[in-house]
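Down below is the structure, laid out as structure tokens.
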Amino acid sequence: MLGAAEEFSVVFAAMGITSEESQHFMYDFERTGALERAVVFMNLADDPAVERLITPRLALTAAEYLAYEHDMHVLVILTDITNYCEALRQMGAAREEVPGRRGYPGYMYTDLATNYERAGVIKGRKGSVTQFSILSMPGDDITHPIPDLSGYITEGQIVISRELHMKGIFPPVNVLPSLSRLMNSGIGPGRTRDDHKAVSDQLYAAYAEGKDLRGLVAIVGKEALSERDRKLLEFADLFEDRFVRQGMEEDRSIETTLDLGWELLASLPETQLTRIDNKFIEKYHPSHRGKKPAEAPPSESTGEAEAEATAE
């Protein structure tokens, strides 16, 4: 709940990572002070593959204990699911099991689901378990069995863009293929802000159109675009540089983020903000903010009553 102070903890499980990566994670936990509220499970690349398979289960068991026995809100971070699935394929080959897609076991979907679906809440308990599973896509192929099956099970995904990374934008989040199936249930008055859904839809639509125009510019040139298209093209660049980009240590609140979204939308004509209700434009748009609503002219009946009072 927005503005509420509640007990929380982090459970971090690393699978098949190098010693250098493990040292980086531990250093970062200690530097930021997160280690005081963290439970860490480490499985290194030179550890047995079978240990890689039980690491996420141990981590989720610890998370459930903290959430449902101690009423804490627990964030579970699992990395890298790709290494976990490779270990699953390795163990399947050792047991001479019949392989499925690209050599992975046919039961990989079910196996991943047993981990992913341990996130959530239990009725009558105050705690919760939120799971953040990180995977790398082999060959940047989102149709690869690991990201493909994960996308079917999880309630959302954040896709990282190599193109944005090359531009120096951090975090390089590719907004368009990213999604959340639970967003609409977790936003709005009392949770975030009443304009959240409308601003999100408008930003998404404008960025998608602006990004499509980049391909057109490569063919016909920027000079051939209309004034409307040029503004959308500029909006896409602004969106990546100001909205997506955040500092490593930046703590941006939801109100600040929404206000920043309005600042970017102000670069477009109001007639193009077709996904936002006029009441939100009048309340939050920078050109309207701080202005008092125009007073309605007095009705005829009111005028007559005033005239009668004056006569008396």
Side-chain angles (χ1 to χ4, degrees), residues 12-25 27-28 44-45 52 56 75-89 101-104 108 112 116 131-181 183 200 203-222 229 232-250 252 257 260-261 264:
F12 179 81
M15 295 159 282
I17 65 172
T18 65
S19 297
E20 183 180 354
E21 288 171 333
S22 70
Q23 291 172 10
H24 171 76
F25 285 130
Y27 170 76
D28 216 44
L44 302 182
R52 208 157 297 156
L75 172 63
V76 181
I77 302 174
L78 305 178
T79 183
D80 184 329
I81 296 299
T82 300
N83 293 337
Y84 172 87
C85 292
E86 292 294 342
L88 201 64
R89 179 165 65 174
R101 290 171 59 190
R102 303 199 189 186
Y104 293 97
M108 188 167 75
L112 288 172
Y116 292 150
Q131 190 177 143
F132 199 94
S133 302
I134 302 170
L135 61 89
S136 52
M137 295 186 295
D140 288 347
D141 181 12
I142 201 168
T143 65
H144 187 278
I146 300 172
D148 188 36
L149 296 179
S150 295
Y152 280 119
I153 305 167
T154 56
E155 296 298 339
Q157 60 196 36
I158 299 174
V159 180
I160 302 301
S161 166
R162 195 180 298 275
E163 178 187 352
L164 291 178
H165 175 70
M166 295 299 290
K167 287 182 179 180
I169 293 176
F170 178 88
V173 175
N174 191 353
V175 173
L176 300 183
S178 301
L179 63 91
S180 171
R181 298 184 182 92
M183 175 181 168
S200 172
L203 287 171
Y204 187 96
Y207 177 59
E209 197 168 350
K211 199 170 181 183
D212 284 342
L213 287 167
R214 289 175 179 171
L216 183 61
V217 167
I219 300 172
V220 301
K222 191 174 182 179
D229 289 347
L232 286 169
L233 191 64
E234 292 169 1
F235 176 87
D237 294 333
L238 282 173
F239 182 83
E240 291 174 353
D241 189 56
R242 296 189 58 198
F243 197 86
V244 176
R245 186 196 297 274
Q246 293 186 50
M248 180 78 74
E249 305 294 333
E250 182 179 353
R252 185 190 291 178
T257 301
L260 178 56
L264 298 182

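Numbers here simply count residues along the sequence, with the first being 1.
- What you find for A208 and L176 is that their closest heavy atoms are CB-CD2, 3.8 Å.
- Inspection of the S133 and Y116 side chains reveals no N or O donor paired with an N or O acceptor under 3.5 Å.
- Residues F243 and L238 have side chains not in contact (no heavy-atom distance under 4.5 Å, counting atoms from C-beta outward).
- Stacking of R89 on the aromatic ring of Y104 is recorded, both the 6.0 Å distance cut-off and the 45° axial limit being met.
- Between Y207 and K211, some side-chain heavy-atom pair lies under the 4.5 Å cut-off.
- Of the inter-residue distances, the one linking L164 atom CG with R245 atom CZ reads 9.5 Å to the nearest 0.5 angstrom.
- When all heavy atoms of A45 and R52 are compared, the pair lying nearest together is O-NH2, 3.2 Å.
- To the nearest 0.5 angstrom, N83 atom CG is 12.5 Å from L88 atom CG.
- Residue L135 holds its CG atom at 10.0 Å from NE2 of H144, rounded to the nearest 0.5 Å.
- Residues forming a salt bridge (charged side-chain N to carboxylate O under 4.0 Å, His left out) with R214 (at least two apart in sequence, or on another chain): D237, E240.
- A distance-only check finds no donor-acceptor pair linking the side chain of S150 to the backbone of P147 [under 3.5 Å].
- Rounded to the nearest 0.5 angstrom, K222 NZ and L233 CG are separated by 5.5 Å.
- Contact between D80 and S136 at its shortest, heavy atoms only, is OD2-OG, 3.0 Å.
- The side-chain heavy atoms of L179 and Q157, taken from C-beta on, include a pair separated by under 4.5 Å.
- I81 places a side-chain heavy atom less than 4.5 Å from the side chain of L112.
- Taking 4.5 Å as the limit, some side-chain heavy atom of R101 sits within range of a side-chain heavy atom of D148.
- For E209, the salt bridge (charged side-chain N to carboxylate O under 4.0 Å, His left out) test picks out R228, with sequence neighbours left out.
- Of all heavy-atom pairs spanning N174 and S161, the tightest one is CB-CB, 3.7 Å.
- With sequence neighbours excluded, the residues forming a salt bridge (charged side-chain N to carboxylate O under 4.0 Å, His left out) with E250 are R252, listed by chain and number.
- With rounding to the nearest 0.5 Å, the separation of CD in Q131 from OG1 in T154 is 9.0 Å.
- A salt bridge links R102 with D141: at least one charged nitrogen is closer than 4.0 Å to a carboxylate oxygen.
- Under the side chain to side chain donor-acceptor pair (under 3.5 Å) criterion, T79 pairs with no residue, sequence neighbours left out.
- Within a 6.0 Å sphere centred on NZ of K167, other residues, nucleotides and ligands contribute more than 12 heavy atoms.
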Practice prompt. Decide yes or no on side-chain contact (heavy atoms from CB on, under 4.5 Å) for L44 and I17, but give the supporting numbers first.
Written response: CA-CA 5 Å; L44 302 182; I17 65 172; 4.1 Å; yes
Practice prompt. Decide side-chain contact (heavy atoms from CB on, under 4.5 Å) for I158 and F132; before the verdict, give the C-alpha distance in whole Å, the side-chain angles of both, and the deciding distance to 0.1 Å.
Written response: CA-CA 10 Å; I158 299 174; F132 199 94; 4.0 Å; yes
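- A pairwise comparison of heavy atoms in M15 and L78 identifies CE-CB, 4.0 Å as the closest pair.
- Between atom CG of residue L232 and atom CG of residue L213 there is a gap of 6.0 Å, rounded to the nearest 0.5 Å.
- The salt bridge (charged side-chain N to carboxylate O under 4.0 Å, His left out) search around R162 returns D140, not counting sequence neighbours.
- For F235, there are no ring pair (Phe, Tyr, Trp, His ring centres under 6.0 Å) partners at least two apart in sequence or on another chain.
- A236 and G210 get closest at one heavy-atom pair: CB-C, 3.9 Å.
- Side-chain contact between V173 and V159 is absent, with no heavy-atom pair separated by less than 4.5 Å.
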